[in-house]
Amino acid sequence: MNPINTFVPIIQGLKITLSHLFKKPVTLQYPTERPKVAERFRGLHALNVSHNKAKCVACYLCPTVCPAKCITVEAGEDANHDKYAAKYEIDMLRCIFCGYCVEACPVDAIRMTGEFELANYSRKDFVYSKERLLEKK
Amino acid sequence: MVNLTIDDKQVTAPKNATIYEAAKINGIKIPILCHDKKLKPFGACRMCLVEVEQMKGRQIPACTTPVTDGMIIRTSTPDIIKARKMVLELLLLNHPIDCPVCDKGGDCDLQNLTYEYQVNANRFSDEKFHHEIDYSNPLIERDMNRCVLCGKCARICDEIVSFGALTFISRGIETKIGCEFEGALNCEFCGSCVSVCPVGSLLARPFKYKARFWALTNHKSVCSYCGTGCNLTLGVKDNKVLTTVYDENQGFHNGQLCCRGRFGYQFINSDKRLTTPLVRKNGVLTEAGWDEALELVASRLKGSGASAAALSTPRLANEELVLFKKLMETAGSANYDHSAGYAHAALTEGFARSFGATASPATIPDIQKSDLLLVIKTDSYETHPVVGFEINMAVKNKGAKLNILSDKRGKLSKLPDATTLVHTPGCEVAVINAMAKAILDEKLAAGSAAAIPGYADLEKALAGFTPDAVAGQSGLSAAAIRQFATDYAKAGKALIIFPIGNAYPGHNADLASAVANLAILTGKFGEGSGVLCMAEKNNSQGAVDMGFYATSGLNAGQIIDGCASGAIKTLFIAGENPVVSYPNRAAVTAALDKVEFLVVSDLFMTETAAMADVVLPACSFAEKEGTFTSVDRRVQHIKPAIGKIGKSRTDFEIFGTLIAKLGGQAPATPAAVFGEIAASVPGYAGMSYASLGEVGAFAPVIVKATFVAPKAAVVEPVAGKLALVTGSVLYHNGTLSQFGEGPMYVCPEGYVELSRGDAAKLKIEENDLLNVASATGSTKLKARITPRMPEGVLFSPYHFGAAGINQVWSGAPVTWVTVTK
Ligand code: SF4
Ligand code: SF4
Ligand code: SF4
Ligand code: SF4
Ligand code: SF4
Ligand code: FES
């Protein structure tokens, strides 16, 4: 066996390793370090609020368009006889984060945020109710 | 037929067709917005513009222009498309475009056309409307801001419903649809206007915001209220019937329904539905398993023989009634009946002896083909409202003459040229006999009449019924009776219509034979003629056809008596609520109290079910398969639209299991039973579920005419008392409609209707609580004062459990009562 053939690759490898020791690391020290998500990132949904009310008028377009069939809307009638979402629920376990719901909404009532930390302990906690989805200000 | 060219295609069309109809027949689509096939051409919206070469290429509305021979029509030139776009732009100018919150979204003609013609910008600008929205009505919401002024609502309410609640108000840009003096909507609540409104101006409030139309699964079915047998489409989502969906191509009635059919479906998914069997233990109804409950019932029925009896509602499907009968036969009893035992007598006794058949020799479509309609009781409209629409159309569009014989005036009396003879209550048979007598005397009878069996006896029996003799007792003039007789005899085609039902004990076998005599005497049979006896409930005619009534055993009245005397020890009641719907509540309650073992299968904990030892939760029509037979013997197939509620079972399954437990053999499927029916019931031969399809099939009726001399009861007035007559109210049918929201919004409780004259005499005001008392008992009911009631006569509907009129009424056609405040 030729010793050169044995050691040259090892030395070359160590050279690369050595060079990395002096470079800026790519690993993000999550969770102590936070990633910066892109503007168009499609994370957890938020229901937009205007005049202290969810903008959603329960038109049923998002549950209709949703390919994962994970949105449940139930319309209600408020004191002014206006339509509002008495129930608005997204099952995040089924959501494929396609963003169709946002696209379908005729009144700009729903958007997708940068929120991606959706891990949880039990299945039912993945069902986001209207209260949890309302945008936090 | 004329020949014409539409879009370069050579086509033919009937001479009286419009361009729109001609195109439609030939598969060419012209968009419409204000046109409806049921209504007269109107031409309000200009969506249907087409070009006709002979008219120098002018754009003309297709829906109002009749075709002529050789017409050359173009339906979609660039100019026309432009014009239609402009029509839409102008409509959208004032339209709020609030589709996201409008319930019509997804089913809206304006939305669809806007999409189709890609109107996504507007060259004009103007203010939107600011009409006040009427939210006050529990059934119909009116938002005139969305209205496109097509006039369909006002037209249907006038042309078909003949109520005239809606009309155009104001002129020009201010035009809107409203009620008289811009008041609240107070009408029949048939929902016809809602169904034809092309936009979201008129909406069904019970369905408001419940779901989008595209989320509903539509199931075709048949209305389970009255015997008209209207076809329905149930809109189902998540195993719930959320609404009835309008389908203009459904049934003889083109999708028209009455208040009960359109707004009364909520009983299907009501929270009050029974969901589990109950067995009485230590005096309390306690939840039990099916096995336990059915085992108990079977052990009671086994070998019980004539000590067992059965009462059924005629709402059950034909297949179920056949099994119920089989169950009783397996138990060794011939005691079974329906409809209080007397309400079907017009068919089972009257027509049976006069026509040799237990069904009507006429159909609902005959109404519009007739020249003269003789209607017994204005209530015919209330009992069978969609038949009432047919009468409206026959009179208003086809020029049929309408003669009414009634104990009060009613909606039908208001039709153009209708003549109503208001007779004293209870003497309808005498008046009809007098008409027959007049026909004989004036030699208006058909030549062949004398050869028909029973002629001589009839002649003899009618001797005492000269119009002059009957005039006094009936409060009519002899001339009026004679006029009715001549009108009837001289009409080319004449049809007699009368309702029967629990609340009409006077419409009995004698009345049936009396009207049958008129038809037989004058030979009025065949298309547009005959006699139409309208049985009350969705399958009343079917119950008669299946023979579910007393033939060798006890009838319903005798069964109740038997319970009271102890002769009947086990009583099985399926779907019936005798405590409310049979006369004399005290007697019925005492009898049901007395009977040793009472089984009730029902959808709800009714007054009767509450007295039972075993309560079995049954399924509604929306959860089962079977057939219903309408008043004119149209046999229609229903299929499950939703899954069963709770642990409920169909009556078919209940009876089947019990038969097996008694050691009998029960057919496994409704289809198998229908096979038996087709093989054994006259007129049903050759039918199968497949052959019935969506439209059903008529079971023909073969008449073997015989004259029968009907007995005319004489109702003696009682001094100082008022004559109470019972009946049905427009919004209700039987006792089931108490569980429908629509009917209960409009008419939540019983009442007693009296004339203005009597009200003035007794110093009664509208809504006063009156004590109505007879020899049978008393109850407290609100007063309703109306101009339609003759003096001395009271009317009260019978559907209600609370303060029921059957506490006062013992089953006589006329009850003499006193009324105090
Ligand atoms: S992102 Fe896509 S899958 Fe998720 S809720 Fe919206 S439409 Fe449904
Ligand atoms: S599409 Fe928008 S307005 Fe409609 S239900 Fe969804 S979030 Fe609400
Ligand atoms: S519900 Fe019927 S009666 Fe009332 S306005 Fe509409 S069409 Fe006329
Ligand atoms: S309310 Fe509806 S049906 Fe009536 S005119 Fe307006 S758009 Fe037409
Ligand atoms: S209740 Fe009678 S008239 Fe009314 S929709 Fe039902 S079947 Fe038709
Ligand atoms: S559909 Fe012809 S004018 Fe409206």
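We use all heavy atoms of the structure for the numbers below, so side chains are in, but hydrogens, waters and symmetry mates are not. So that the names make sense, note that chain A is the first sequence line, chain B the second, and so on, each numbered from 1.
The local environment of CE in B:Met86 is sparse, with at most 12 non-hydrogen atoms from other residues, nucleotides or ligands closer than 6.0 Å. Around atom CZ of A:Arg34, more than 12 heavy atoms belonging to other residues, nucleotides or ligands sit under 6.0 Å away. Residue B:Phe124 places its CZ atom among more than 12 non-hydrogen atoms of other residues, nucleotides or ligands, all under 6.0 Å distant.
Taking every heavy atom of both residues into account, B:Pro100 and A:Cys59 meet most closely at O-CB, 3.2 Å.
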Check residues 94-101 of chain A and write down every donor-acceptor pair under 3.5 Å in which the side-chain atom is one partner and the other belongs to a residue at least two apart or another chain.
unit_1  : atom_1 : unit_2  : atom_2 : d
A:Arg94 : NH2    : A:Ala68 : O      : 3.2

Distance-only donor-acceptor hits, side chain of residues 19-31 of chain A, under 3.5 Å, sequence neighbours excluded:
unit_1  : atom_1 : unit_2   : atom_2 : d
A:Ser19 : OG     : A:Ile16  : O      : 2.7
A:Tyr30 : OH     : A:Glu117 : OE2    : 2.5

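Taking the side chain to side chain contact (heavy atoms under 4.5 Å, CB included) definition, one finds that B:Cys45 meets it with B:Leu33, B:Cys34, B:Met47, sequence neighbours left out.
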Taking donor and acceptor roles from the modelled atom types, list the N and O pairs under 3.5 Å across chain A and chain B.
unit_1  : atom_1 : unit_2   : atom_2 : d
A:Cys59 : O      : B:Arg212 : NE     : 2.9
A:Cys59 : O      : B:Arg212 : NH2    : 3.4
A:Thr64 : OG1    : B:Trp214 : NE1    : 2.8
A:Glu77 : OE1    : B:Arg205 : NH2    : 3.4
A:Glu77 : OE2    : B:Arg205 : NH2    : 2.5
A:Glu77 : OE2    : B:Lys208 : NZ     : 2.8
A:His81 : O      : B:Tyr209 : OH     : 3.4

